[in-house]
Amino acid sequence: MTVTEGSVATSGPGPSLVRLDGVGKDFRTIAGGSLRALDGVDLAVRRGEFVCLVGASGSGKSTLLSLIAGLSAPSRGTVLLDGAPVTGPGPDRGLVLQSGAVYPWRTVERNVAFGLELLPVSRAERARRVAWYLAETGLTGLRHALPKQLSGGQRQRVAIARALACEPRVLLLDEPFGALDVQTKEDMQLFVRRVWADTGTTVVMVTHDVEEAVFLGQRVVVLASDPGRLAADLPVQLPPDRDGTPRDLAVKRLPEFLTLRAEVEDQVRAYHQRHAATGSGG
Ligand code: ADP
Ligand code: MG
C-alpha cells in the first residue's frame with residue numbers, strides 16, 4: 001500500500017471529493033443466503049484526481065462505483081461526496097457504462113443535451129455547453145447524426161459528452177472501452193485523458209485492463225475478491241506526467257510502465273489465485 005499525496009499533477013493534495021469509510025455491501029442470493037460483495041473499503045479520491053479501479057471479475061468494482069453513483073446504498077459504512085452522505089443518484093455524478101446508453105431516436109446533439117434538459121439551466125447556457133462538449137469530444141461534425149450511424153467509439157464519446165455536459169463533480173466510468181477493438185480503445189484512452197486534462201474533472205474509472213489502468217490513472221486501486229476489498233493502492237508516476245506534457249501511447253513501452261503494469265497484474269492475480277485455491281468459486 002502506498003500513500004500518494006503529492007503525486008497529483010493537476011490539483012495537488014486537497015480534501016477528499018469522494019470518501020468511503022468502512023464500506024461493505026451484501027447482496028441476497030437466490031438461494032436465500034447472503035453474498036458479501038464488498039467489505040471494509042476505505043477509499044478517498046481527491047478533487048481533480050484520476051483513479052482507476054482494477055480487479056478480477058466479481059471483485060466488486062461495479063458495486064463500488066454504483067455506491068458512489070448512489071444507485072445502491074452500502075450495507076455498512078459511509079459514502080461521502082464533498083463531505084455529505086450520498087443518498088441517491090444525482091447530476092453531480094456522471095456515470096458511463098460499457099454500453100454507453102445513448103437514445104437511438106435522438107441525434108448526437110440531442111443526446112448530449114439530454115441530461116441538461118433535466119437541470120435548471122437556461123436555454124442559452126444549455127446551447128453553450130452542448131456546443132462546447134461536442135467540440136471537446138470531436139463530435140461537432142456529427143451533431144445531426146443518429147446513434148445507428150456512429151461507430152462504437154463515437155457512441156461512447158456521445159455518452160461521455162452527455163455525462164460531462166452536466167458538469168458533474170465526478171465522472172464515473174465502468175469499463176467504458178471494454179467492447180471496443182484495440183485501436184479504437186487506444187484512441188479513446190488518449191481522448192479521455194485529454195478531456196480530463198482540459199476539464200479538470202475528477203474521474204473514477206473501472207477497468208479489467210491493467211495496461212489501460214496504468215496508462216490512464218494517477219493511482220491504480222486493486223480490488224481483491226470474496227469479499228471485495230482493497231488489495232493495493234499504487235501511485236503512477238511516469239516521466240511525461242511529471243513534467244506536465246500529455247502522456248502519449250509511447251509511455252506503454254517505457255521500462256517504468258512495464259514494471260508497474262507487472263506489479264499490478266501480480267496483485268490482481270495473487271488475490272484471484274488465492275480465491276481459486278480456496279475452492280470457493282471464481
Ligand atoms: P465486478 O464489477 O468487479 O465484476 P460486481 O461488483 O459486479 O463485480 O459484483 C461483485 C459480486 O457481487 C459478484 O459476486 C456479483 O455476482 C455480486 N452482485 C453484484 N450485483 C448484485 C446484485 N444486484 N444482486 C446479487 N448479487 C450481486
Ligand atoms: Mg463490473
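Heads up: numbering here begins at 1 and tracks the sequence. Basis for what follows: all heavy atoms, side chains included, without hydrogens, waters or symmetry-related copies. Note that this is a predicted model, so its numbers are computed, not measured. Order of appearance sets the numbers: ligands from 1, and atoms from 1 within every ligand.
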Residue-atom pairs from the protein, N, O or S only, that lie under 2.8 Å from the Mg ion (ligand 2):
Ser62 OG

Roughly how far, to the nearest 0.5 Å, is CG of Leu118 from SG of Cys166?
7.5 Å

List the atom pairs, with distances to 0.1 Å, where a side-chain N or O of residues 33-40 and a protein N or O form a donor-acceptor pair under 3.5 Å, not counting sequence neighbours.
from	atom 1	to	atom 2	distance (Å)
Arg36	NE	Asp26	OD1	3.3
Asp39	OD1	Arg76	NH2	3.4

Can a salt bridge be assigned to the pair Lys61 and Asp174 using a cut-off of 4.0 Å between side-chain N and carboxylate O?
no

Are there more than 12 heavy atoms of other residues, nucleotides or ligands under 6.0 Å from atom CD of Glu117?
yes

With Tyr133, which of Arg128, Glu167, Arg162 fulfils side chain to side chain donor-acceptor pair (under 3.5 Å)?
Glu167

Matching residue for Phe50 among Thr202, Val203, Val45 - test: side-chain contact (heavy atoms from CB on, under 4.5 Å)
Val203

Report the C-alpha separation of Arg47 and Asp82 in whole Å, then their side-chain angles, then the decisive distance to 0.1 Å, and conclude whether the side-chain contact (heavy atoms from CB on, under 4.5 Å) test is met.
CA-CA 9 Å; Arg47 205 176 305 278; Asp82 244 342; 2.8 Å; yes

Arg19 atom CZ, over 12 foreign heavy atoms within 6.0 Å
no

Identify, chain by chain and in numerical order, each protein residue with a heavy atom under 4.0 Å from an atom of ligand 1.
Phe27, Leu35, Ala37, Ala56, Ser57, Gly58, Ser59, Gly60, Lys61, Ser62, Thr63

For residues 149-158, which residue pairs pass the salt bridge (charged side-chain N to carboxylate O under 4.0 Å, His left out) check, not counting sequence neighbours?
none

